[in-house]
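Below: the structure, in structure tokens.
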Amino acid sequence: MTSIAARLIPTWLRQYQLAALPTDVIAGLVVGVLVIPQSLGYAVLAGLPPVYGLYAAIVPVIVYAWLGSSNVQAVGPVAITAIMTASSLLPYAEQGTEQYALMASLLALMVGSLLWIAGQLKLGWIMQFISRGVSAGFVSGAAVLIFVSQLKYLTDIPIAGSSLIGYLSTMQLYARQLHPLTLLIGVIAFALLVANRYGSKWVWRTWLSSSSAKWAERLFPLILLGIAILLSMALHWDARGVATIGNIPQGLPRFTLPHIPDIQEALKLLPTAGLMALIIFVSSSSVASTYARLRGEKFDANRELTGLGLANLSGGLFQSFAVAGGFSRTAINVDSGAKTPLASLMTVLVMIAALIAFNSALAPLPYALLGATIMASIIGLIDIATLKSAWQRDRLDGASFIAAFVGVLIFGLNTGLVIGLMVSFASLIWQSSQPHVAIVGQLAGTGHFRNINRHDVVTFHNLLMLRIDESLFFGNSESVHRRILNALQQYPEAHELILIMAAVNHIDLTAQEMLSTLNQELALQNKHLHFSFIKGPVMDVIEHTPLIAELSGQVYLSTMDAVNALKQI
């Protein structure tokens with residue numbers, strides 16, 4: 001019985017230190033209060049009634065706090081999953097309807113199932129194959145789409161689409177429906193939020209201390225929300241044509257089975273669910289692993305998959321849409337002093353209080369403010385710094401960024417991500433197909449051998465020493481063969497070729513055949529092929545092959561042994 005309880009109760013709770021209780025409670029309350037407008041806005045971004053943003057911040061958060069890998073990551077509705085939900089469900093149901101909400105819950109269930117299955121199969125290692133360029137380009141492109149999509153709430157123009165071209169086309173088509181008062185409210189709110197977010201050092205710190213200015217910056221969106229509600233009530237904005245969120249249903253999310261479409265519709269949603277699951281895992285793991293490293297804690301990618309999967313599975317049964325670890329939520333959580341997942345459970349209590357006690361108070365809130373809130377927060381996700389860094393240090397990663405970014409803007413989120421991944425994998429294949437092959441010489445008086453183009457080394461007229469800095473396989477064997485022949489042409493007097501294999505961890509059948517062909521070509525020229533520094537596992541593979549049996553030269557334990565045996569003074 002004790003062992004069962006130990007498995008059901010998470011480690012952080014069994015080992016909880018009461019000293020962490022005050023900071024956990026404060027952090028949870030702060031995060032809960034500050035992300036209420038953000039949660040409402042992300043639900044609207046997903047095409048759902050605003051209350052679903054609060055629903056998505058209850059059951060999934062409880063489940064992740066219990067089972068997730070991170071002690072401080074704050075899970076909930078985020079911009080990326082919200083816009084992916086909206087774009088994927090557009091063909092199936094009208095936004096804001098009950099069927100649409102049920103489809104959003106179904107999508108969360110599908111995403112959660114895929115994440116949970118990946119966790120059981122221990123596929124956490126897949127994260128390392130998503131390059132920084134692809135993830136940053138995708139997020140940046142999605143941020144631009146999200147920014148443009150929110151213009152409908154600032155203008156009252158019915159903008160729709162899944163790409164930048166679609167949004168701009170519908171905006172131009174219905175431009176006459178612009179509502180001036182809504183635009184004025186939205187622009188003022190956006191300007192104030194941007195000034196607060198990016199100019200706080202000049203705005204708040206002119207009058208306040210550094211710590212007070214930080215709290216003023218965090219609380220400002222909530223203060224603005226309150227002011228907007230009061231102005232909306234006093235000036236009767238709803239009667240003047242300004243769209244407001246209206247009465248939020250009172251009560252907690254209830255257990256609801258999602259809409260089950262026919263098999264063809266489900267199969268059409270599956271690729272989107274797979275991409276969403278991948279994005280949720282990559283973004284959440286990036287946040288969780290970063291804070292785990294900073295806090296000196298262990299991060300388990302497979303446990304993260306399981307926690308995120310069960311969070312989305314449970315959320316899909318309680319009127320939620322897909323959730324993930326939030327960058328801003330987690331940063332606020334940590335900065336406010338969170339030590340354990342108890343802080344997230346306190347955040348849930350704030351959401352419950354909002355649904356039970358404050359639902360009617362939010363009714364006059366204009367949609368324009370929610371749109372402005374999302375637009376102001378999303379600017380920071382447009383990662384120009386990573387593009388500059390990648391272009392300066394690694395053009396291939398920079399190309400992956402641009403491919404994902406442009407692909408998202410032109411073709412939408414799903415196709416854009418696929419394009420970015422294809423370019424990333426193509427660059428990986430290209431790099432593997434062009435391995436570095438260095439002509440080396442001996443550092444005088446030592447047993448070390450270095451690139452002749454980088455060091456002052458000793459060479460021997462009868463020896464050509466080449467170091468292969470990559471495993472050999474079908475994708476690069478022809479390139480390596482060509483580079484070896486070019487080197488032999490540069491040094492026609494060398495009749496002993498030594499291939500240094502210290503960096504070669506594998507030689508497949510195609511590469512073995514290439515080396516056998518090279519051996520035969522050298523033999524016809526009265527030259528010999530030698531190997532040095534072959535690793536044990538590689539030697540186990542090739543020891544009894546024709547490559548070694550018919551080798552014209554020798555296999556040496558070290559390059560120094562080969563040089564001592566073959567050099568001519």
Side-chain angles (χ1 to χ4, degrees), residues 45 78-88 126-151 159 161-172 194 198 271-272 274-287 289-290 324 327-328 374-436 475-476 479:
L45 179 60
V78 297
I80 297 296
T81 57
I83 194 171
M84 290 187 77
T85 297
S87 63
S88 61
I126 201 170
M127 180 182 171
Q128 62 190 326
F129 287 97
I130 309 299
S131 72
R132 175 66 179 143
V134 170
S135 61
F138 173 79
V139 170
S140 298
V144 173
L145 284 188
I146 292 169
F147 186 94
V148 175
S149 72
Q150 294 308 288
L151 290 174
I159 301 171
S162 59
S163 66
L164 184 61
I165 296 173
Y167 285 134
L168 296 180
S169 298
T170 55
M171 187 174 183
Q172 181 182 14
V194 169
Y198 298 101
T272 296
L275 289 174
M276 285 182 69
L278 181 62
I279 291 300
I280 287 171
F281 173 56
V282 171
S283 60
S284 301
S285 296
S286 299
V287 176
S289 60
T290 297
F327 294 94
S328 59
I374 292 174
M375 291 171 70
S377 64
I378 212 70
I379 294 174
L381 294 181
I382 303 175
D383 198 351
I384 302 300
T386 295
L387 175 59
K388 289 181 179 178
S389 177
W391 200 252
Q392 291 171 357
R393 303 175 189 176
D394 186 350
R395 289 291 176 89
L396 291 176
D397 217 18
S400 298
F401 181 108
I402 294 172
F405 180 78
V406 175
V408 165
L409 295 184
I410 296 177
F411 301 106
L413 293 171
N414 297 353
T415 305
L417 178 59
V418 171
I419 290 172
L421 289 173
M422 289 176 63
V423 172
S424 181
F425 284 126
S427 66
L428 179 63
I429 293 170
W430 186 86
Q431 286 176 313
S432 297
S433 70
Q434 304 293 324
H436 184 245
N476 64 16
S479 174

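Just the heavy atoms: all of them, side chains too, but no hydrogens, waters or symmetry mates, feed the values below. If you're wondering where the values come from, they're calculated on a predicted model, not measured in any experiment.
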* **Test item: Ser289 side-chain N/O and Ser285 main-chain N/O as donor-acceptor pair under 3.5 Å** => yes
* Quick one: closest heavy-atom pair of Ile279 and Met84, and the distance? => CG1-SD, 4.5 Å
* Is Thr170 reaching over with its side chain to a backbone N or O of Tyr167, donor-acceptor style, under 3.5 angstrom? -> yes
* Asked: Do the non-hydrogen side-chain atoms of Ile419 and Ile410 ever get within less than 4.5 Å of each other?
  -> no
* Asked: If you take all heavy atoms of Ser163 and Gly412, which pair is closest and at what distance?
  -> CB-N, 4.1 Å
* Structure fact -> Across all chains, not counting sequence neighbours, the side-chain contact (heavy atoms from CB on, under 4.5 Å) partners of Ser427 are Leu396, Ser400
* To do: Return the minimal non-hydrogen interatomic distance between Gly420 and Val134, and the atom names on each side.
  => O-CG2, 3.2 Å
* To do: Check the pair Trp391 / Ile402 against side chain to side chain contact (heavy atoms under 4.5 Å, CB included), numbers first and verdict last.
  => CA-CA 10 Å; Trp391 200 252; Ile402 294 172; 4.0 Å; yes
* Structure fact -> Distance col, row Leu387:CG vs Gln392:CD, nearest 0.5 angstrom, shows 9.5 Å
* Where do Leu45 and Ala86 come nearest, in terms of heavy atoms and distance? -> O-CB, 3.5 Å
* Drop me the distance from Leu275's CG to Phe138's CZ, to the nearest 0.5 angstrom. => 7.5 Å
Pair up each side-chain donor or acceptor in residues 139-151 with any protein partner under 3.5 Å, not counting sequence neighbours, and list the distances.
| unit_1 | atom_1 | unit_2 | atom_2 | d |
| --- | --- | --- | --- | --- |
| Ser140 | OG | Ala136 | O | 2.8 |
| Ser140 | OG | Leu381 | O | 3.4 |
| Ser140 | OG | Asp383 | N | 2.9 |
| Ser149 | OG | Leu145 | O | 3.4 |
| Ser149 | OG | Ile146 | O | 2.7 |

* Phe411: partners by ring pair (Phe, Tyr, Trp, His ring centres under 6.0 Å), with sequence neighbours left out -> none
* To the nearest 0.5 Å, what is the distance between CH2 (Trp430) and OG (Ser479)? -> 9.0 Å
